[in-house]
Amino acid sequence: MTLSNTCGRAGVGGSPGRGTSDRVVCALVGGLIASVIAVLATTGVLSLPGEVEGFLTAGSGMAMGSGTKSATGNRKRRATAYAGLAGALAGAVTTYLVSALHLRYMGTILRSGSPTRGMFLFGIVALVLTGLYTVTGAKFVARGSGFVRRSATTGLAFGAVLGGAFSLLAVPALVGDVPVPEGQSIARTGVVLGWAVFGLVMGTTYASVLSEEQVLPAYVRRNATRAVASSLAGVYLGGLALLIIRPPHLRFVGTIIASGTQQRGLVFLLLVGLLLTLVVAKVAGPQAAAAPFSTGVFAGIGTTVFGLFVVPALVGAIGGWPLEVPVGYFPIAFGYFLFGFGTTAAYGLLRRRETDLLADVRSTATLKGLLAGGTVSGVLLYVLAQPHLLWLGTILRSGTAGRGFLAWFVVCLPFAVVLATVPGRRFEASTSTLDAGLTGLIYGVGFAIVVGVALVPSVIDGVTPAQPYPAPYVGAGLLAYVLFGFVFGAVYRDSLPLGQPQTEFESVSPGVGSRRIRAYLFGSAFGGLVGGLTVYHLGGAVYMRYIGSLFGMGGSFTMAWTAWFGLSLVLGALFVALVRNKLDDYVNSLIMTTSRNRDLRQLLQPALKQASVTTTATAVGLAYGIALAVVFGAIGLPLLVENLTAFSMGPAPNLDGGTLLGFVLYGGFLGAGYGLILEF
């Protein structure tokens, strides 16, 4: 059977789902192979150009995202994905407990003899073996009574034989002769046991999902997902505050479980959060559901006492670092309060919903939006601001492209939750994918300002105090934050079973999509051209370079113009998002206002009769341009240039008339172009 037959004949003959299932396996395996090559290139084992390395890393995420998205389509594809992930996790943890030294040797294949790298490689091999199992061994397990038991037994043998062969035969051949530390040895039986556990869990999960039997009871699954999600919310709030307020404190906290790093300190907080949710569930579960924020305040007070008194005592007793009890730097108390408050409030809100997060339609849509938005915006971040991506990797202890992509998903996760729970809850059948994307874009602008400009540089400075984060690198990277919002909103809406909205205009060529998209592109380009020429000639060429410097493109006028047109597209999308559902109301309002004022009637009535939409859009665009001139041109631009680049425009506000006029004209011609294409 050729590759094309395996991956391309979906539902042709035989089982209808067989072709699509094979494509899912190919997508997962392809993504894994790409990720392996990317990691080898990142760690230096393979020598590849930087661009190839970055796109391999992003491509692996895209392929895995595609596989995961497809894997939720029917039971067989869902079973393949869930079985691989569950088996890989169980087998890797078991191997770490019984033979951590073997994982260190596996890690040397990726150039770093650490258990973390070894567990990563273990997971890759486990997922590949899962794909092989679903197209080979699983075919011989008959359905019916005892299907789960037979699949578990077959999976156990499959994992022990093939996985054991990889670890005991392939790994030594790849690693070579490496001296074993004195007094230590690789437990071969333990290695086979780890792979046997992988196969057992993988086979059990695969058959359970395929036969629609629950691997875990529903109440256990609900409570576990609530606990993990709530703990993550608390760590995001409290851990982020501690990273900004007192980074060394998290290093001391990390010594409680292993080593003095901020990352280990955050892991400790996660474990405490899981324990806190258990206590809240037993002691004040109904109260937390009825009044999550009030309960969160009480829990925050408790965690504050825990952080000031118990944590330093544990650091002294376990980590060996004598800390003052209570902690003398009391702003730390604020971080622990946020940790307890966020964990308990999130738990109460999730308990109030009484939904299973793993089976919830909106949770699945959120995951798809996160995968799609994170991958697409991560590629843009790699292309436009690779140093920013590498600095993101330092949050996870290593400034590499692979760690940077992973950290990017971590940064985007809370924003995805906010988008899904705030504007996403208002999406209806009448909400088009473009509308949802533009809504996400508006939120993405705020995401870029709050997280990209303020929080991320502060966190990176806290993690790497010896190497302060170079602020200019954030410039072009801000577009990735905005793009994530747009892609997430569109994919999230498209993944909800709300039906397809009726389009107002007929579709045109696939490259453009609809008349509204053409209107947006034309208006943005028209306004960008007129506004850019005004800024360039009346304000001065240096102002164009100031704008280009925000995106790391201030070195030449050509690149500065490129940055200006990119900014024009972003601002144009924001304009469309603000007016597209209210344009008819604006037309009626302008007609009524004109009819009551003689001067306006003489000025605008002929234009309103001939082109009411174009006239109204032009007027709204002028108001939008004035707002841009005041908010961005006069105040925002000089502040951003001063703080994010090596240049200086002088103190805000910038009162250069030519520059401000350029923004006003940009808005006016943006509205005129947008209305012109819509109306004619």
Side-chain angles (χ1 to χ4, degrees), residues 116 223-281 288 292-293 295-297 299-308 310-311 314-315 327 331-351 357 363 366-367 370 374 392-397 403 406-418 420-421 450-451 454-456 458-460 462-463:
T116 303
N223 290 332
T225 52
R226 286 174 190 162
V228 173
S230 303
S231 301
L232 286 174
V235 170
Y236 266 107
L237 285 176
L240 180 63
L242 289 174
L243 269 176
I244 297 174
I245 293 171
R246 196 73 165 179
H249 180 74
L250 282 177
R251 294 183 181 272
F252 288 116
V253 174
T255 61
I256 298 176
I257 57 175
S259 60
T261 63
Q262 285 105 336
Q263 292 80 9
R264 294 294 175 90
L266 293 175
V267 172
F268 176 77
L269 290 182
L270 179 63
L271 297 177
V272 174
L274 294 173
L275 180 62
L276 177 61
T277 56
L278 177 62
V279 173
V280 172
F293 297 106
T295 310
V297 171
I301 296 173
T303 53
T304 300
V305 175
F306 173 80
L308 295 180
V310 179
V311 168
L314 292 175
V315 171
V327 174
I332 291 176
F334 179 67
Y336 281 105
F337 175 82
L338 286 180
F339 165 68
F341 173 81
T343 301
T344 306
Y347 175 79
L349 291 172
L350 291 175
R351 180 160 178 162
L357 290 178
S363 298
T366 302
L367 177 61
L370 177 64
L392 278 173
T394 61
I395 299 177
L396 301 179
R397 299 185 65 183
R403 294 286 181 96
L406 182 59
W408 175 243
F409 279 95
V410 173
V411 170
C412 292
L413 175 60
F415 181 51
V417 174
V418 171
T421 54
V450 175
V451 178
L455 292 182
V456 167
S458 299
V459 172
I460 293 176
V463 174

Quick one: pull up CG in Asn223 and OG1 in Thr225 and give me the separation to the nearest 0.5 Å. 7.5 Å
So side chain to side chain donor-acceptor pair (under 3.5 Å) across residues 266-281, not counting sequence neighbours, yields none
Minimum side-chain heavy-atom gap Leu242-Leu269 below 4.5 Å: yes
Who are the side chain to side chain contact (heavy atoms under 4.5 Å, CB included) partners of Pro292, not counting sequence neighbours? Leu349, Arg352
Considering only distance and modelled atom types, tabulate donor-acceptor pairs under 3.5 Å from the side chains of residues 333-343, sequence neighbours left out.
residue : atom : partner : partner atom : Å
Tyr336  : OH   : His249  : NE2          : 2.7
Thr343  : OG1  : Phe339  : O            : 2.9

Rounded to the nearest 0.5 Å, what separates atom CG in Leu250 from atom CZ in Arg264? 13.5 Å
Closest non-hydrogen atom pair, Pro247 against Ile245: CD-C, 4.0 Å
Ile460 CD1 to Leu455 CG distance, which is reported to the nearest 0.5 Å: 11.0 Å
Scanning both residues in full, the closest heavy-atom pair of Leu392 with Val456 reads CD2-CG1, 3.7 Å
All side chain to side chain contact (heavy atoms under 4.5 Å, CB included) counterparts of Ala299, not counting sequence neighbours: Thr344
Can you name the side chain to side chain contact (heavy atoms under 4.5 Å, CB included) partners of Val418, sequence neighbours left out? Val422
Kindly indicate, with the supporting measurements, whether the criterion side chain to side chain contact (heavy atoms under 4.5 Å, CB included) is fulfilled by Leu278 and Leu274. CA-CA 6 Å; Leu278 177 62; Leu274 294 173; over 6 Å; no
Pairs of donor and acceptor atoms involving the side chains of residues 406-413, under 3.5 Å and at least two apart or interchain, shall be tabulated with distances.
residue : atom : partner : partner atom : Å
Trp408  : NE1  : Gly374  : O            : 3.3
Trp408  : NE1  : Ser377  : OG           : 3.0

Hey, what do you get for CG (Leu270) to CG (Leu232), rounding to the nearest 0.5 Å? 5.5 Å
Taking only residues two or more places apart in sequence or in another chain, which ones pass ring-ring contact (aromatic ring centres under 6.0 Å, His included) with Phe415? Phe447, Phe484
Taking only residues at least two apart or on different chains, which pairs with a member in residues 228-243 satisfy side chain to side chain donor-acceptor pair (under 3.5 Å)? none
Would you please name every residue forming a side-chain hydrogen bond (donor to acceptor under 3.5 Å, both in side chains) with Arg251, sequence neighbours left out? Gln262
Is the shortest heavy-atom distance from the side chain of Thr421 to the side chain of Thr366 under 4.5 Å? no
So, for Ala454 and Ser458, which heavy atoms are closest and what is the spacing to 0.1 Å? O-OG, 2.8 Å
